[in-house]
Amino acid sequence: MNLFSEFKARIGTAVAALQTEGVLPEGLDTSKISAEPPRDTAHGEVSTNAAMVLAKPAGMKPRDLAVLLADRLVVTPGVEAADVAGPGFINLRLAASFWQDRLAEILRAGTDYGSSSMGGGVAVNVEYVSANPTGPMHVGHGRGAVVGDVLASLLHKAGFAVTREYYVNDAGAQVDVLARSLYLRYREALGEAIGEIPEGLYPGEYLVPLAKALAAEYGDRYKAAADSDWLSLFRDRAVAAMMDLIRDDLAAMGVKHDVFSSERALVEAGGVQAAFEELVAKGLIYEGVLEPPKGLLPDDWEAREQTLFRASDFGDDVDRPLKKSDGSWTYFASDIAYHYDKHRRGAEVMIDVMGADHGGYVKRMAAAVKAMTDGKASLDIKLCQMVNLMRDGEPVKMSKRSGNFVTLREVVDDVGRDVVRFIMLTRKNDAHLDFDLKKVTEQSKDNPVFYVQYAHARAHSVLRHAAESLPGLDVSAAALSTVDLAPLTDEAEIALIKLLAAWPRVVEGAAEAHEPHRIAYYLSEVAAAFHSLWNKGRDAAELRFLLPDRKDVSVARVALVRGLASVVASGLMVLGVTPVEEM
RNA sequence: GCGCCCUUAGCUCAGAUGGAUAGAGCAUUCGCCUUCUAAGCGAACGGUCACAGGUUCGAAUCCUGUAGGGCGCACCA
């Protein structure tokens, strides 16, 4: 249970009581009342703005109302003091026993601590990666993969019913280009000199093995054949092979999907037509001519009548074409159909994780979702900014034109999946991210992955020592949840418990805001608090976790260490990073 | 020209949906190992939250405008 929600409920009760007594009027808007940790720890552990928010509508002075509320809150369980401060804040100071109880709660829950029912089982579809099946993934794809994967785990922990989805763009012109690139490699495999790969085809070497396989399988049957004879075969084989490649790369990072949706299958099943007709029925389609874009015109721009969707009725800047001049669907049309499909499969909340270069796409897709679902479903598009690959402070040179770029797989094989996953979350999604291949493997506090894992390993080191020096002590979380925690009274110990007890709130906040990076930051903070506590034991021997002649204190502190390890492990599990016990 | 995102300590960045005296890490300076992992910790120094207005009890956060950076801009995906 998020303890701040608990206190918010208590405040609500106090307000209701004052209403019953006629001190406060009925019908107050209590939605702006908060219960949160004050920034300054000198102000206690829970702070509320209730008196300030309610003062005006109640016709009272904030501080007068605060006193009335404080009187009622101070007698609730675990509250030691309720002070009125500043313009009308009520600051609650909680008893040590309250925090000791929280630790027991953490230990009882184990790594399930932080799980929440906030989501109420609402169906969320998280779409991520969706890299075109035209080659290996690069590091930028990796960022989206991690952000999406962790966001999905986070939402699951917060009580949403999550579907993890990959949209396979296997229907557009790009996969035909892929087929032609493969065909060229096929002829090469048959012994033909192909020279430089022409502009516009994929130059990478990754098609060579498949081309050889096709040459072995079909010989020169397609060598001089017309496009129509081989195009669809080569395309299907190429897409299948590229998806295998991508799935392998994802597996190497531990990124999972429940559903792979094929654009081609959607189109062939008439999904786009159906979605289109739905829009027609809603009166949102018309034939018209768009205004030319202001400023610089594209060279080949000409006024042309098009089949348009009234996106501007739903917040977009202009209406958007759904058909190309040759009568086929635009990508946008099939993507409308795809999102409509997701909604029909039950998604109430849709999240798309994509690259920042899709920024221009956000408004129109949000408009389309609003239109197609009559506002019943929401769409949040998380745009991930670029990843700058560095090595020891120098940018790693990459030339996309020659196909000579560092692949995601190379990076994962080089530094490890845990490192890649964690580092990708050390910035919020819309900020540029420097990924330094050298620094991320350093074993120092500059490296957040190491820093957090080290805290977990250190905790387990204490647990191992405890098993020796306290024979007969069961150091499992479940067993330690029943020991006497009263000896945990030092300020630093209580401070650590407070931080651990914040975990459910962090999960809920990050899930609500769709911001998985908050988990990584929280874990760094927890690790810092633990390293700090550890070192207090160096300065003052009586603060060491294991004291030879103080069994009761030692056992309580082992429980604290176990609680810390448990919360860190819980967080790392959300990130998909291994909680190592020894380093 | 239009739209979206960004601008916080010398550097790299957080800032929990509007709270109290704006926080970390790095760098710089000074301390802490006969001890449960010094692979770590503590302290000091460091700020016109790009700028100018506005909204209110209260703004880094919301609104308007300006400057700078990134991305995108009919018939690509």
Side-chain angles (χ1 to χ4, degrees), chain A residues 4 32 34 36-40 42-43 47 49 52-53 55-56 62 85-89 91 132 134 169 171-175 263 289-298 300-304 306 308 316-321 323-326 328 330-332 334-335 355-363 383 385-386 426-428 430-432 434 442-448 450-451 454-455 457-459 461-466 469 502 505-506 508-510 512-513 515 517-518 521-522 524-525 528 531-539 541 544-547 554 557 561 582-583:
Chain A
F4 295 95
K32 290 205 156 177
S34 67
E36 38 185 34
R39 197 170 287 165
D40 187 342
H43 293 136
S47 176
N49 62 356
M52 290 182 289
V53 173
K56 205 176 213 178
F89 288 103
N91 296 324
N132 290 331
T134 55
N169 293 126
Q174 290 188 41
V175 287
E263 181 187 5
V289 180
L290 286 179
E291 293 281 310
K294 304 220 162 36
L296 283 175
L297 276 184
D300 56 348
W301 195 90
E302 57 180 83
R304 177 185 295 141
Q306 292 175 299
L308 298 167
D316 200 359
D317 305 320
V318 291
D319 294 339
R320 302 289 179 179
K323 284 183 180 175
K324 302 182 204 169
S325 45
D326 67 359
S328 63
T330 60
Y331 177 79
F332 181 48
S334 76
D335 220 12
D357 54 341
H358 291 73
Y361 198 66
V362 172
K363 275 191 183 179
L383 298 175
Q385 267 295 353
M386 286 175 45
T426 52
R427 294 283 177 274
K428 53 185 173 204
D430 52 11
H432 287 262
D434 287 342
E442 278 172 10
Q443 301 208 329
S444 76
K445 61 184 167 181
D446 310 352
N447 178 359
F450 169 77
Y451 188 76
Y454 180 42
R458 235 182 184 181
S461 171
V462 174
L463 295 175
R464 286 191 293 273
H465 281 274
S469 62
R505 183 168 190 264
V506 170
E508 291 182 357
E512 197 171 6
E515 289 187 352
H517 73 277
R518 289 191 200 177
Y521 277 90
Y522 170 73
S524 297
E525 210 178 316
H531 289 310
S532 170
L533 184 61
W534 176 288
N535 272 79
K536 283 219 161 87
R538 293 190 168 277
D539 300 337
R544 291 164 59 89
F545 299 121
L546 302 172
L547 303 174
S554 300
R557 289 183 181 167
V561 171
E582 235 173 315
M583 299 180 82

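Residue numbers begin at 1 in each chain, while the letters A, B, ... track the order of the sequences. Computation of the quantities below employed the complete heavy-atom set of this structure, encompassing side-chain atoms and omitting hydrogens, waters and symmetry-equivalent molecules.
Ring-base stacking between A:Tyr521 and B:A14 is not satisfied when judged by a centre separation under 5.5 Å and a plane angle under 30°.
Toward the 5′ end of RNA chain B lies the nearest nucleotide of A:Gly537, the other residue of the pair A:Gly537 and A:Asn169 mapping further downstream. Nucleotides of RNA chain B nearest to A:Phe332 and A:Lys428 differ in position, and the one nearer the 5' end is that of A:Lys428.
Picking from B:A74, B:A77, B:A39 the nucleotide with the shortest atom distance to the side chain of A:Phe450 gives B:A39. Listed nucleotides B:C36, B:G40, B:C57 differ in distance to A:His465; the shortest reach to its side chain belongs to B:C36. Side chain of A:Val53, nearest nucleotide from B:A14, B:G40, B:G19: B:G19. The side chain of A:Arg304 lies closest to B:A74 when the candidates are B:A77, B:A74, B:A14. Here the nucleotide nearest the side chain of A:Arg505, chosen from B:A77, B:C5, B:U17, is B:U17. Taking only side-chain atoms of A:His43, from C-beta outward, the nucleotide of B:A20, B:G70, B:G19 with the closest atom is B:A20. Of the candidates B:C36, B:C4, B:G70, B:C4 carries the atom nearest the A:Lys363 side chain, counting heavy atoms from C-beta on.
Pairing for B:C62 goes to B:G54, judged as Watson-Crick or G-U wobble with the two contacts each under 3.5 Å. Pairing partner, B:C13: B:G23, with both Watson-Crick or wobble hydrogen-bond distances short of 3.5 Å. Across every strand in view, B:A44 sits in a pair with B:U28 that passes the Watson-Crick or G-U test at under 3.5 angstrom. Within the shown strands, nothing qualifies as a pairing partner of B:U37 under the Watson-Crick or G-U definition with both distances less than 3.5 Å. Partner assigned to B:C2 is B:G72, using Watson-Crick or G-U wobble distances below 3.5 angstrom. Shown here, B:G18 forms no base pair; nothing in the strands shown gives a Watson-Crick or G-U wobble contact with both key distances under 3.5 Å. Look at B:U7: its Watson-Crick or wobble partner, with both distances under 3.5 angstrom, is B:A67.
For B:A20, the base has a donor-acceptor partner in the side chain of A:Ser47 [N/O atoms by modelled type, under 3.5 angstrom]. Within 3.5 Å, no donor on the side chain of A:Arg458 pairs with an acceptor on the base of B:U37, nor the reverse. If you check distances only, the side chain of A:Arg518 never reaches the base of B:A16 with a donor-acceptor pair under 3.5 Å. Side chain A:Asn535 to base B:G42: no donor-acceptor pair is found below 3.5 Å. The base of B:C13 has none of its N or O atoms less than 3.5 Å from a complementary donor or acceptor on the side chain of A:Arg427.
Looking at heavy-atom distances under 4.0 Å, A:Gly360 makes contact with sugar-phosphate atoms alone, never a base. Within 4.0 Å (heavy atoms only), A:Lys536 reaches no atom of the nucleic acid at all. Among the atoms of the strands shown, none is found under 4.0 Å from any heavy atom of A:Ala541. Within 4.0 Å of A:Ala513, counting heavy atoms only, lies at least one base atom of the nucleic acid. Contacts of A:Asn91 with the nucleic acid, taken as non-hydrogen atoms under 4.0 Å apart, include base atoms. Nucleic acid contact for A:Met583: base, since at least one base atom lies under 4.0 Å from a heavy atom of the residue. Counting any heavy atom pair closer than 4.0 Å across all strands shown, A:Lys56 reaches sugar-phosphate atoms only and no base atom. No engagement by A:Glu442 is indicated, since no non-hydrogen atom pair under 4.0 Å with the nucleic acid exists. Residue A:His358 is classed as a base contact, given a heavy-atom separation below 4.0 Å to a base. The residue A:Ser461 sits close to a base: some heavy atom pair falls under 4.0 Å. Across all strands shown, A:Asp357 has heavy atoms under 4.0 Å from sugar-phosphate atoms exclusively, and none from any base. Here A:Pro87 lies in heavy-atom contact (under 4.0 Å) with a base. Residue contacts shown for A:Ala85 include a base, since a base heavy atom lies under 4.0 Å away. A:Pro448 comes within contact range of no nucleotide atom at all, as no heavy-atom separation falls under 4.0 Å.
Atom P of B:C26 sits at a distance of 38 Å from the matching atom of B:G53, rounded to the whole Å. To the nearest whole angstrom, the two P atoms, one in B:U61 and one in B:C49, are 10 Å apart.
Phosphate proximity of B:A24 to A:Tyr522: absent, as no side-chain N or O sits under 4.0 Å from OP1 or OP2. In this model, the phosphate group of B:A74 is not approached by any side-chain N or O of A:Thr330 to a distance below 4.0 Å at OP1 or OP2.
A salt bridge links A:Arg518 with A:Glu515: the distance from a Lys NZ or Arg NE/NH1/NH2 to an Asp or Glu carboxylate oxygen falls below 4.0 Å.
Atom CG of A:Asp316 sits about 10.5 Å away from atom OH of A:Tyr361, to the nearest 0.5 Å.
Checked against the 6.0 Å centroid criterion, the rings of A:Phe545 and A:His465 do not qualify as a close aromatic pair.
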